Protein chains: 2
Amino acid sequence: MRIGEMAKRAGVSTRALRYYEQQGLIDARRGANGYRDYDEADLPLVTEIRSLLASGFTLEDARPFVDCLRMGNHSGDACPESVAVYRRKLAELDKQIGTLTARRADVAAQLAGACPNCVLDRRGLT
Amino acid sequence: MRIGEMAKRAGVSTRALRYYEQQGLIDARRGANGYRDYDEADLPLVTEIRSLLASGFTLEDARPFVDCLRMGNHSGDACPESVAVYRRKLAELDKQIGTLTARRADVAAQLAGACPNCVLDRRGLT
DNA sequence: CTTGACCTTGTCACCGGCGTCAACGTTTAA
DNA sequence: TTAAACGTTGACGCCGGTGACAAGGTCAAG
C-alpha cells in the first residue's frame, strides 16, 4: 500500500511515517515511480510506535520493540532489549516522580509561607 | 557594576543576564560607552530568578516575583500575582505527577507481563 | 602603541517529533 | 485533456534557556 493509505489505517500523518523511515524505524520498498510501498506487516510496527510514544517513550526507545516485532515475535516486548527499555524507563519515571514530588513539597511550603490563609493543600484533608 | 561583575556575583553567565534583559526581566542602565550598568539592587532580582528556575519555574513564571521585589517587597512572593503562580505551579505539578504515576503503573504492568521473573517492583515490599 | 581583558550586538546550535510550506513529478477519474 | 488528488525531497519553525562564536568597540596597564 502507498503512504497515504498506511497513514490513514495507522492513524498517523504521512510526515510521521517519513520521519520514522528517516530514523530507520520503518522501511518501505519503492515502486518504479519512487513511491513508497508498505507491506501489511508494517502496520503493527507503526501501531507499536504510536502506542509507545503515547506512553511517553521516545522513538529511540521504540526501536528494539519494532525490531522485535520484525523478527516475528507476537509482541514487541518479547525480546530482552525491549524489556531493558521497560526497566530503564521505569527507573527514569521513578526519578522524575521523585523530583517532581520534592518540588511540589517545596512549592507547597513556599505557598504556605507566603499566604498563611491559603491552606488549600488538599492532602491530608478529607 | 558592569555585566561581568554582576554575572560573577550572581553566579550566572553574562549570556543569561542579557537574555533576562531581552525578556524584560532585568533592565540595566547604559553608560556613555553602551556598557550595561547594574545596580546593587538588581542582584537579589537575579538571585530570585535563578532560584525559581532551579525549582522548575519558567522565566515567565519568574516575572511577577521580580516585579514584586522591585516594588520594594522583602520577598518575591509577597504579592498576589506571585502566589497565583505558586498555585498554578502546584496544580501543574500535581497533574504531571499524576500522569507519570499512571504511566509508571502501565510500564510496570507491561514489564511484569513481558518478563514474569522480573518482579523487581520495589513498591509494597520492604 | 599595543596587548589583552573587558564590553557590544547578532546569529547559529541544541533537543524531539513532527506541522507546514515549497516546488515539483505521477496517477486517476471525468 | 485536464484538473484533482496523490506522491517525492528539502527545509524552516516550534519551544526554553542558554552555549558558543563572530566581528567589532572600549579601556587600563605596561
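Just so it is clear: chains get the letters A, B, ... in the order the sequence lines come, proteins before strands, and each one is counted from 1. For clarity, every value in this text was computed on a predicted model and none was experimentally measured.
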Locate the shortest heavy-atom distance separating [X] from [Y]; write the atom from each residue and the value.
X: A:T101; Y: A:I97; answer: OG1-O, 2.6 Å
X: A:A7; Y: A:S13; answer: CB-C, 4.1 Å
X: B:R36; Y: B:A28; answer: CB-CB, 3.9 Å
X: B:A16; Y: B:R50; answer: CB-NH1, 4.2 Å

I want to check something: taking the side chain as every heavy atom from C-beta on, are B:R88 and B:D61 in contact at a cut-off of under 4.5 Å?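 Yes, side chains in contact.
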If you pin A:E21 and B:A16 to their nearest nucleotides in DNA chain D, which one's is more 5'?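 Closer to the 5' end of DNA chain D: A:E21.
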Closest nucleotide of DNA chain C for A:S13 versus for A:R2: which of these residues is on the 5' side?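 Its nearest nucleotide lies further toward 5', so the answer is A:S13.
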Set of residues satisfying salt bridge (Lys or Arg N to Asp or Glu O under 4.0 Å) with respect to A:R9, sequence neighbours excluded: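 Applying salt bridge (Lys or Arg N to Asp or Glu O under 4.0 Å) to A:R9 gives A:E5, A:E40.
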What parts of residues 3-12 of chain B reach DNA chain C, counting only heavy atoms under 4.0 Å away?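 The stretch gives B:I3, B:G4 as the residues lying under 4.0 Å from the strand, ordered by number.
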Nucleic acid contacts - residues 54-70 of chain B versus DNA chain C, non-hydrogen atoms under 4.0 Å: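 Here the set is empty: none.
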Please identify each residue that fulfils side-chain contact (heavy atoms from CB on, under 4.5 Å) with A:E60, with sequence neighbours left out.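 Partners of A:E60 under the side-chain contact (heavy atoms from CB on, under 4.5 Å) test: A:T58, A:R63.
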Residues that A:D39 engages under side-chain contact (heavy atoms from CB on, under 4.5 Å), provided they are two or more places apart: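 Per chain and number, A:D39 pairs via side-chain contact (heavy atoms from CB on, under 4.5 Å) with A:R29, A:A41, A:D42.
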Calculate, to the nearest 0.5 Å, the distance between atoms NZ and CD belonging to A:K89 and A:Q96 respectively.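 Answer rounded to 0.5 Å: 7.0 Å.
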Scan B:R36 against the nucleic acid and name what it touches under 4.0 Å (heavy atoms): base, sugar-phosphate only, or nothing.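 Answer is sugar-phosphate: B:R36 comes under 4.0 Å of backbone atoms only.
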Round to the nearest Å and state the distance from B:R18 atom CZ to C:dT11 atom C1'.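 Checked: the CZ to C1' distance equals 14 Å.
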For atom CD of A:Q22 and atom P of C:dG19, their distance in whole Å: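 From A:Q22 CD to C:dG19 P: 14 Å.
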Name every donor-acceptor pair, under 3.5 Å, that has one atom in a side chain of residues 75-86 of chain B and the other anywhere in the protein, sequence neighbours excluded.
unit_1: B:S75; atom_1: OG; unit_2: B:D77; atom_2: N; d: 3.4
unit_1: B:S75; atom_1: OG; unit_2: B:D77; atom_2: OD1; d: 2.5
unit_1: B:D77; atom_1: OD2; unit_2: B:Y86; atom_2: OH; d: 2.9
unit_1: B:S82; atom_1: OG; unit_2: B:G76; atom_2: O; d: 2.8
unit_1: B:Y86; atom_1: OH; unit_2: A:Q110; atom_2: OE1; d: 3.2

Overall bend - the helix from C:dC1-D:dG30 to C:dA30-D:dT1, comparing terminal axes fitted on five pairs, nearest 10 degrees: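 Angle reported: 40°, given to the nearest ten degrees.
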Distance below 4.0 Å between A:R50 side-chain N/O and C:dC18 OP1 or OP2: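 Yes, A:R50 has a side-chain N/O under 4.0 Å of OP1/OP2 on C:dC18.
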By the rule that ILVMFWY residues connect when side-chain heavy atoms come within less than 4.5 angstrom, directly or transitively, which residues belong alongside A:L69?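 Taking Ile, Leu, Val, Met, Phe, Trp and Tyr as members, A:L69 shares its hydrophobic cluster with A:M1, A:I3, A:M6, A:V12, A:L17, A:Y19, A:Y20, A:L25, A:I26, A:Y38, A:L43, A:L45, A:V46, A:I49, A:L53, A:L59, A:V66.
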Members sharing A:M71's hydrophobic cluster (side chains within less than 4.5 Å):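 None; A:M71 is a cluster of one.
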Pairing of A:K95 and A:E92 as salt bridge, 4.0 angstrom limit: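 Salt bridge absent between A:K95 and A:E92.
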Is there any salt bridge (charged side-chain N to carboxylate O under 4.0 Å, His left out) pair reaching into residues 64-76 of chain A, and which pairs are they, with sequence neighbours excluded?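 Counting only pairs at least two positions apart or across chains, the salt bridge (charged side-chain N to carboxylate O under 4.0 Å, His left out) contacts touching residues 64-76 of chain A are A:D27-A:R70, A:D67-A:R70.
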Reading 5' to 3' through nucleotides 21-26 of chain C, protein heavy-atom contacts under 4.0 Å coded B for base, S for sugar-phosphate only, - for none: ----BB
So where does chain B start and stop touching DNA chain D, 5' to 3', when the test is distance under 4.0 Å to a non-hydrogen atom?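 Nucleotide range in contact with chain B: D:dG17 to D:dC27.
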